Amino acid sequence: MTKPRLYSGMQPSADSLQAGNYIGALLQWRDMQASYDAFFSVVDLHAITVPQQPEELREKTRRTAAQYIAAGIEPSKSTLYVQSHVRAHAELAWILSTITGFGEAGRMTQFKDKSQRYGSDATSVGLFTYPVLMAADILLYQSELVPVGDDQKQHVELTRDLAERFNSRFGETFTVPMPVIQKDTARIYDLQNPTAKMSKSAESDAGVLWLLDDLAKSAKKIMRAVTDNEGSVHFDRENKPGVSNLLTIYAALTGRQVGSIEDEYAGRGYGDFKKGLAEVVVNEFGPVRERANELLSDPAELDRILAANAAKADAVADATLADVYDRIGL
Ligand code: ADP
Ligand code: NA
């Protein structure tokens, strides 16, 4: 029996991924790869929609791929590749842009947010058409499911609209994908500002737990995490966002229920709880960090894995693209 196709990706926008990327994306992907024919991309073509340094981008792309593997994405089971290695992404994005409405693209809230941040002259047309490239990423592989965070849901809806529009104009060509929206239990917040999402592009990294950081440094960040004055370890997102976030991280990394962790720390202070969490994080990130560094120390082997996987992706993407060309008269 063939497994349903799944597609997801991350931008190589930092040297290290952060705990939210690990818990909210990589751990979910790792668990899904047995049941799906999964394509996991490092989306470097998306990363160039904002200014980049070429050498840094190349390095971040390799490091991101290494972290996928180190976190348990198996390049022999899933297709783990770098987006720009597969030319069909850019080609299909162009074609899809010709059936995307200007107003439709202009309604994407992420573009509105980002372009406000950069200002009109520093905002590229590529940032505007970013969601069309994302639609191409997904549709090339006839993906049925697309795991995404809340902020990407609108882009998957656009992808569905474009697939349906293309199919009705030119005949059945694309599978119409469904978003798989991330669970609340996988959403991680900044340790210093626990109502804001932890992000690798945060202005300050004081509250960001880096997957590849020195372990003692990560432990220190946990000990300094913002909590509250109550002194009791229990989950209350509204009134205790800091402690609730630490509980979410603890539960996600151990596979335990929040309730059982609350019980363990009943009557004990935040210091004990943070020490416990620091230990959990060190135990979980340590081996991932070690494996990632091992992969990065053997560039030829990583290149070989990425080239073999790009070839797997190419085969599927080229077949879709050939069909698209044929149907639109190219
Ligand atoms: P970042 O904000 O770190 O740059 P991205 O926007 O590139 O993250 O997201 C990459 C993936 O990681 C997406 O699947 C996204 O849902 C997930 N992700 C990012 N930040 C978090 C977070 N704080 N908690 C849970 N998942 C996250
Ligand atoms: Na980002």
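Computed from a predicted structure; not experimentally measured. Start at 1 and go down the list; that is how both ligands and their atoms are numbered. Values below: all heavy atoms of this structure, side chains included; hydrogens, waters and symmetry mates excluded.
- Salt bridge annotation for Glu104-Arg165: present, with a cationic side-chain nitrogen under 4.0 angstrom from a carboxylate oxygen.
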Going through the distances and angles, do Ser41 and Gln83 end up as a side chain to side chain donor-acceptor pair (under 3.5 Å)?
CA-CA 6 Å; Ser41 180; Gln83 183 187 28; 5.3 Å; no
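- Counted within 6.0 Å of CD on Glu59, heavy atoms from surrounding residues, nucleotides or ligands total more than 12; the atom is thus considered enclosed.
- Taking all heavy atoms of Pro12, Ser199, Ala47 into account, the minimum distance to atom 2 (O) of ligand 1 is reached by Ser199.
- Remark: of the listed residues Phe128, Tyr130, Phe102, Phe128 is the sole one forming a ring-ring contact (aromatic ring centres under 6.0 Å, His included) with Phe111.
- Aromatic rings of Tyr22 and Phe285 (six-membered ring for Trp) have centroids within the 6.0 Å cut-off, being under it.
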Validation: residues 177-184 side-chain donor-acceptor distances under 3.5 Å, sequence neighbours left out:
residue: Gln182; atom: NE2; partner: Gly24; partner atom: O; Å: 3.1
residue: Asp184; atom: OD1; partner: Arg187; partner atom: NH1; Å: 3.3

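- Contacts between Ala186 and ligand 1 below 4.0 angstrom, taking non-hydrogen atoms only, involve the backbone exclusively.
- By the criterion of a heavy-atom distance under 4.0 Å, neither the backbone nor the side chain of Gln152 is placed next to ligand 1.
- Partner of Phe166 under the side chain to side chain contact (heavy atoms under 4.5 Å, CB included) criterion, chosen from Ile328, Asp161, Leu139: Ile328.
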Below 3.5 Å, can you tabulate the donor-acceptor pairs from side chains in residues 271-280 to any protein atom, sequence neighbours excluded?
residue: Asp272; atom: OD2; partner: Arg268; partner atom: NE; Å: 3.2
residue: Lys274; atom: NZ; partner: Met223; partner atom: O; Å: 3.0
residue: Lys274; atom: NZ; partner: Ala225; partner atom: O; Å: 2.8

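- Each of the atoms 25 (C), 26 (N) of ligand 1 lies under 4.0 Å from some heavy atom of Gly24.
- Geometrically, ligand 1 and Val148 share no nitrogen or oxygen pair separated by less than 3.5 Å.
- Near Ser201, the atoms of ligand 1 lying under 4.0 angstrom from a non-hydrogen atom of the residue are 4 (O).
- Numbered from 1 in the order shown, with element, the atoms of ligand 1 that lie under 4.0 Å from a heavy atom of Ile188 read 22 (C), 23 (N), 24 (N), 25 (C).
- Annotation for ligand 1: atoms under 4.0 Å from non-hydrogen atoms of Met198 are 20 (N), 21 (C), 22 (C), 23 (N).
- Ligand 1 has no nitrogen or oxygen under 3.5 angstrom from a nitrogen or oxygen of Ala25.
- Residue Ile23 places no heavy atom under 4.0 Å from ligand 1.
- Not one N or O of Tyr189 is nearer than 3.5 Å to an N or O of ligand 1, by distance alone.
- The atoms of ligand 1 that sit less than 4.0 Å from any heavy atom of Arg187 are 24 (N), 25 (C).
- Residue contacts with ligand 1: Asp151 is placed with no nitrogen or oxygen under 3.5 Å of a nitrogen or oxygen of the ligand (distance criterion only).
- Side-chain contact between Gln154 and Thr109 is present, with at least one heavy-atom pair separated by less than 4.5 Å.
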For a side-chain contact (heavy atoms from CB on, under 4.5 Å) check, start with the C-alpha distance between Lys221 and Asp205, then their side-chain angles and the critical distance, and finish with the verdict.
CA-CA 10 Å; Lys221 280 186 176 173; Asp205 87 337; 3.7 Å; yes
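- Proximity of Lys200 to ligand 1, defined as any heavy-atom pair under 4.0 Å, is shared by backbone and side chain alike.
- Shown in contact with Gly149 at under 4.0 Å from a heavy atom are these atoms of ligand 1, numbered in order with element: 16 (O).
- Ligand 1 has no nitrogen or oxygen under 3.5 angstrom from a nitrogen or oxygen of Gln11.
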